[in-house]
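See structure below.
Read the numbers this way: they start at 1 and go in the same order the structure lists the ligands and their atoms. Keep in mind that the numbers below use all heavy atoms, side chains included, and drop hydrogens, waters and symmetry copies. Small disclaimer: the values here were computed from a predicted structure and weren't measured.
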Amino acid sequence: MSKITAAITAVGGYVPEYVLTNQILETLVETNDEWITTRTGIKERRILKEDGKGTSYLAINAAKDLLNKSGVDPKEIDLVIVATATPDMKAAATASYTATEIGAINAFAFDLEAACSSFLFGMSVAARYIESGKYKKVLLIGADKNSSMINYKDRATCIIFGDGAGAALFEPNLEGFGLQDELLRSDGNGREFLQATYGGSSYPITPEAIAEGKHYIFQEGKMVFKNAVFNMADITEKILVRNNITNDDIAWLVPHQANKRIIDATASRIDLDESKVMMNIERYGNTTSATLPLLLFDYEKQLKKGDKLIFAAFGGGFTWGSIYLTWAYNS
Ligand code: UT7
């Protein structure tokens, strides 16, 4: 019997309507379009404004887009994973609510949190379920409502992050397409440089913490940047060497969208032409768990069966990694 590989067979995406431009940010903090564009590559981001709508709203819309396009019956889905750093609520999994709302009534569901590497690590988890032979349809959604933890008076973070969601369906493949190899890493020493300190179990939320803005996300941008550049480039190079892949073989680099300079550094390390680098940071900013699937959503029509894709991500925690996947279908 042929070996089962885990292939992506459909993608979907969703971003909210409201566009937060660099020009609007100029009215909120001391910054300017030129600084943001040259330092990050970002021009605008999408923000979910409506009260009472959380990450599940984004995830549900991305999943519905995938289901509508592919015609997949949600009742056939075995597992729904929501990769997110901004779950709707504590304790109740965002994935469970999402699964129910999209009609995946026969699925089990859970959230997966690894900051900006959540979707990448989720790809590994989704693949293991499929490769086991026991599960036939795993829906992996990367979704984040980053605006829920942003202080729009902090120019170190508010210029970077946006809201959005992307979804990918994993199914068994008997032709060898799909996830081929992965290198995943973490280093807990990095958590001091990027975190929302209050609101978790170490430091439950208090009126004092709120007054001081300690429930918002904070980052030491330079430290995160330095580590992201080194580790994302390094692990991407390692996965190429391990699989004997040259830059000529690569159809697309699919890099986490945190800062265009981090993406450029990764591409330059493996000497990859920018025409092979997926990029949408200009329009969405850093959507955390949603960047990778939103790239697939935006570039789906350009992907061909057999294309070699190299995914790479770096995020808070620290967490990072690279995945080598071959594309399984023509649109
Ligand atoms: O997804 C994973 C998580 N996040 C990341 O990967 C983000 C990684 N970090 C970054 O992308 C960058 O560090 C930032 C975009 C956050 C900051 O860029 P930078 O080139 O590292 O700037 P910096 O913090 O070193 O600041 C340089 C200068 C400073 O002024 P002085 O001290 O040189 O006079 C800052 O005060 O730029 C100033 N600055 C700004 N100026 C205008 C910092 N933020 C801004 C701003 N607008 N928004």
Side-chain angles (χ1 to χ4, degrees), residues 20-45 83-86 113-122 142-147 149-164 166 184-196 216-236 254-267 278-282 284-295 311-322:
L20 178 60
T21 61
N22 289 350
Q23 286 70 26
I24 298 172
L25 284 169
E26 285 175 3
T27 69
L28 302 177
V29 289
E30 203 183 318
T31 192
N32 58 75
D33 175 52
E34 204 262 330
W35 192 96
I36 302 174
T37 308
T38 53
R39 295 288 180 124
T40 70
I42 303 167
K43 282 285 187 192
E44 56 190 48
R45 337 82 199 109
T84 186
T86 54
E113 205 273 299
C116 292
S117 304
S118 300
F119 187 86
L120 189 85
F121 289 9
D144 268 305
K145 184 184 168 187
N146 287 316
S147 59
M149 56 177 182
I150 295 293
N151 178 359
Y152 284 94
K153 290 181 178 154
D154 174 13
R155 68 179 184 175
T157 51
C158 73
I159 57 148
I160 293 174
F161 292 98
D163 302 339
L184 309 175
R185 297 282 184 273
S186 63
D187 175 5
N189 292 313
R191 85 168 176 177
E192 66 181 284
F193 304 114
L194 175 56
Q195 58 174 250
Y216 291 126
I217 195 164
F218 146 91
Q219 75 166 344
E220 247 180 67
K222 265 232 159 348
M223 273 304 283
V224 181
F225 184 87
K226 236 169 65 184
N227 279 277
V229 165
F230 176 77
N231 288 308
M232 216 164 106
D234 185 62
I235 207 136
T236 304
V254 192
H256 173 53
Q257 311 279 295
N259 185 316
K260 184 173 183 298
R261 288 186 292 144
I262 300 173
I263 300 166
D264 290 345
T266 304
M278 290 191 188
M279 192 108 66
N280 57 16
I281 190 168
E282 187 176 332
Y284 305 143
N286 181 353
T287 54
T288 304
S289 314
T291 64
L292 300 183
L294 274 175
L295 285 170
F311 293 76
F314 182 89
F318 292 137
T319 54
W320 70 99
S322 185

So which protein heavy atom does atom 15 (C) of ligand 1 come closest to, and at what separation?
-> T40 CG2, 3.6 Å
What protein heavy atom sits nearest atom 10 (C) of ligand 1, and how far off is it?
-> N259 ND2, 3.6 Å
Short question: side chain of T86, backbone of K145 - any donor-acceptor pair under 3.5 Å?
-> yes
Pair T287-D144, side-chain donor/acceptor within less than 3.5 Å = no
A student checking ligand 1 against I160 at a 4.0 Å heavy-atom cut-off should list atoms 16 (C)
Scanning both residues in full, the closest heavy-atom pair of L194 with Q219 reads CD1-CB, 3.4 Å
Expected output: side-chain Q195 to main-chain F193 donor-acceptor under 3.5 Å = no
Can you find a pair of side-chain heavy atoms, one from F225 and one from R261, that are under 4.5 Å apart?
-> yes
Could you tell me whether atom 19 (P) of ligand 1 has at least one protein heavy atom nearer than 4.0 Å?
-> yes
Output the list of atoms in ligand 1 that are nearer than 4.0 Å to some heavy atom of I159, sorted by atom number.
-> 48 (N)
Using a 4.0 Å heavy-atom cut-off, say whether V29 meets ligand 1 through its side chain, its backbone, both or neither.
-> neither
When you measure from atom 9 (N) of ligand 1 to every protein heavy atom, which one gives the shortest distance, and what is it?
-> G221 O, 3.2 Å
Nearest protein heavy atom to atom 30 (O) of ligand 1: under 4.0 Å?
-> no
Okay, side chain of N231, backbone of N227: is any donor-acceptor separation there less than 3.5 Å?
-> yes
Has the side chain of T27 got a donor or acceptor atom that lies under 3.5 Å from a matching backbone atom of Q23?
-> no
Note the single closest protein heavy atom to atom 3 (C) of ligand 1, along with its residue, its atom name and the distance in Å.
-> L194 CD2, 3.6 Å
What atoms of ligand 1 come closer than 4.0 angstrom to any heavy atom of V224?
-> 3 (C), 4 (N), 5 (C), 6 (O), 8 (C)
How close does the nearest protein non-hydrogen atom get to atom 24 (O) of ligand 1, and which residue and atom is it?
-> K222 CG, 4.3 Å
So which bit of E30 gets within less than 4.0 Å of ligand 1, heavy atoms only: side chain, backbone, both or neither?
-> backbone
Scan the protein's non-hydrogen atoms and note whether one is under 4.0 Å from atom 33 (O) of ligand 1.
-> no
So which heavy atom in the protein is nearest atom 17 (C) of ligand 1, and how far is it from that ligand atom?
-> W35 CH2, 3.8 Å
Report the residues that fulfil side chain to side chain contact (heavy atoms under 4.5 Å, CB included) with T40, sequence neighbours left out, ordered by chain and then residue number.
-> I36, I42, I159, N259
Ranked by distance from atom 47 (N) of ligand 1, the top protein heavy atom is T31 OG1, 2.6 Å
Between the side chain of N146 and the main-chain N/O of G162, is any donor-acceptor distance below 3.5 Å?
-> yes
Assess the side chains of K43 and T37: does a donor N or O sit below 3.5 Å from an acceptor N or O?
-> yes
Under-4.0 Å heavy-atom contact with ligand 1, by part of I36 that carries it = neither
May I ask you to decide if N22's main-chain N or O and D33's side chain share a donor-acceptor pair within less than 3.5 Å?
-> no
Should you measure from each heavy atom of R39, which atoms of ligand 1 turn up under 4.0 Å away?
-> 19 (P), 20 (O), 22 (O), 27 (C)
Name the closest protein heavy atom to atom 4 (N) of ligand 1, giving the residue it belongs to and the distance to 0.1 Å.
-> Q219 OE1, 3.4 Å
